[in-house]
Enquirer: 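Just dropping this structure here.
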Amino acid sequence: MSNHKIQLDYEEYGSGLPVVFVHGFPLDRTIWSPLVPLLKDHARLILPDLRGFGKTAMPEDAEPYSMRTLADDLLALADRLGLEKVVLVGHSMGGYISLAFAHAYPQRLAGLGLLSTQAAADTPEKRQGRMKTADAVRRKGVARALEGMAEKLTTNPDLVEPIDALINRQNPAAVIAALKAMAERRDSTENLANISVPAVVITGTQDAIIPLERSQELNQLLVWSWLVEVPGGGHMSMMEYPEQVADALHRFFNTVESNR
Ligand code: MLT
């Protein structure tokens, strides 16, 4: 696996408890923008773009990489910022990466927020589908290969266009590499019982990408967690219902603070 060192581009707001927000696929840090005004007075919000996405460069000679590589990129960012421990809030693929981080670096984790994500690995059919999509991205580009994806991501018709634009501006090489990394990711279910920090699990009840049951399972298997269901929310509840999500995260930050 690639251990090519890269520096994640990031934005930062506020002060206090350091919280790293990890975006999902095939998106970038701008998904978190609606939460920033609601949370910046309650914590130090650190918003990176994952390798190849948003404003972070894709290493030219990158080998295939894994969720662990992406977790290592987050660790390098924490080191660069001099942070001994961070709270991670991961959305979807960002949740897979956060779970890989929790497994590899438990001593660097202060709390775990899991939004619209799961611990399960891909089924063989899903894996095959991702490989086909990766091939389509290579042949046709992101916009054509991922046409129609934005509609599936959100329950809010007004968000389809902006999310579509956000998807279309991502680098094809990063999209392909992330698809392969997700296809090959390991099942994290057994590791959940080893996560001893506070965790909040948040999901839209109408998430068409990762069903509500996956979040209920996470909540059952994590040792110290609670579940927040956002009624009517799709896969993008941080954009659809920012007040509800911010409120859940604010309460979670308070729990993490009182555990430090
Ligand atoms: C994401 O939102 O990160 C992806 O849709 C997750 C996935 O495809 O498994």
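This structure is a prediction, so every number in the text was calculated from the model and none was measured. The basis for the numbers below is simple: all heavy atoms, side chains too, and nothing from hydrogens, waters or symmetry mates. Whatever order the structure lists ligands and atoms in, that order sets their numbers, starting from 1.
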Enquirer: Suppose we measure from atom 8 (O) of ligand 1 to each protein heavy atom; which comes out shortest, and what is that distance?
Expert: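 The protein heavy atom lying closest is R130 NH1, 2.8 Å.
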
Enquirer: Atom 9 (O) of ligand 1: which protein heavy atom is closest, and how many Å away?
Expert: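 Going by distance alone, atom 9 (O) of ligand 1 is nearest to Y96 OH, 2.5 Å.
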
Enquirer: Determine whether H23 and D28 satisfy the following criterion, side-chain hydrogen bond (donor to acceptor under 3.5 Å, both in side chains), listing intermediate values before the conclusion.
Expert: CA-CA 6 Å; H23 66 77; D28 64 28; over 6 Å; no

Enquirer: Kindly confirm or rule out an N or O of Q118 lying under 3.5 angstrom from an N or O of ligand 1.
Expert: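 The answer is no, given that Q118 and ligand 1 share no N or O pair closer than 3.5 Å.
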
Enquirer: At a 4.0 Å threshold, what atoms of ligand 1 neighbour a non-hydrogen atom of M93?
Expert: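 Under 4.0 Å from M93, ligand 1 has these atoms: 1 (C), 3 (O).
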
Enquirer: Under a 4.0 Å threshold between the charged nitrogen and the carboxylate oxygen, would R29 count as salt-bridged to E11?
Expert: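 Salt bridge present between E11 and R29.
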
Enquirer: Testing D73, N171, D9, T56 for side chain to side chain donor-acceptor pair (under 3.5 Å) with R51, which one passes?
Expert: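 With R51 as partner, D73, N171, D9, T56 yield a single side chain to side chain donor-acceptor pair (under 3.5 Å), made by D73.
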
Enquirer: Tell me which one of S116, G90, G94, S92 gets a heavy atom nearest to atom 2 (O) of ligand 1.
Expert: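 Of the listed residues, S92 has the closest heavy atom.
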
Enquirer: Could you tell me, atom by atom, which parts of ligand 1 come under 4.0 Å of a heavy atom of I209?
Expert: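 Answer, ordered by atom number: 5 (O).
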
Enquirer: For T30 and S33, does a side-chain donor sit closer than 3.5 Å to a side-chain acceptor?
Expert: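 Distance-only check fails for T30 and S33.
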
Enquirer: Just distances here: any N/O of M182 and N/O of ligand 1 closer than 3.5 Å?
Expert: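 Between M182 and ligand 1, no N or O pair is found under 3.5 Å apart.
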
Enquirer: Side chain or backbone, does R185 bring an N or O within less than 3.5 Å of an N or O on ligand 1?
Expert: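 In fact, backbone or side chain, R185 has no N or O that close.
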
Enquirer: Kindly state whether the ring of H42 and the ring of H250 have centres lying under 6.0 angstrom apart.
Expert: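 Yes.
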
Enquirer: What atoms in ligand 1 come closer than 4.0 Å to a heavy atom of G24?
Expert: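 Numbered from 1, ligand 1 contributes 3 (O).
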
Enquirer: If only side-chain N and O atoms count, and only distance matters, is there a donor-acceptor pair under 3.5 Å linking T154 with E240?
Expert: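 E240 vs T154: donor-acceptor pair found between side chains.
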
Enquirer: Between R214 and ligand 1, which residue portion shows a heavy-atom distance shorter than 4.0 Å: side chain, backbone, both, or neither?
Expert: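 Neither; nothing of R214 gets under 4.0 Å from ligand 1.
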
Enquirer: S98 side chain to G94 main-chain N or O, any donor-acceptor pair under 3.5 Å?
Expert: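 At least one qualifying donor-acceptor pair exists.
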
Enquirer: Judged by modelled atom types alone, do D72 and Y105 share a side-chain donor-acceptor pair under 3.5 Å?
Expert: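 Judged by distance alone, the side chains do pair up.
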
Enquirer: Heavy-atom contact check, 4.0 Å cutoff: does H23 meet ligand 1?
Expert: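 H23: no contact with ligand 1 (<4.0 Å).
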
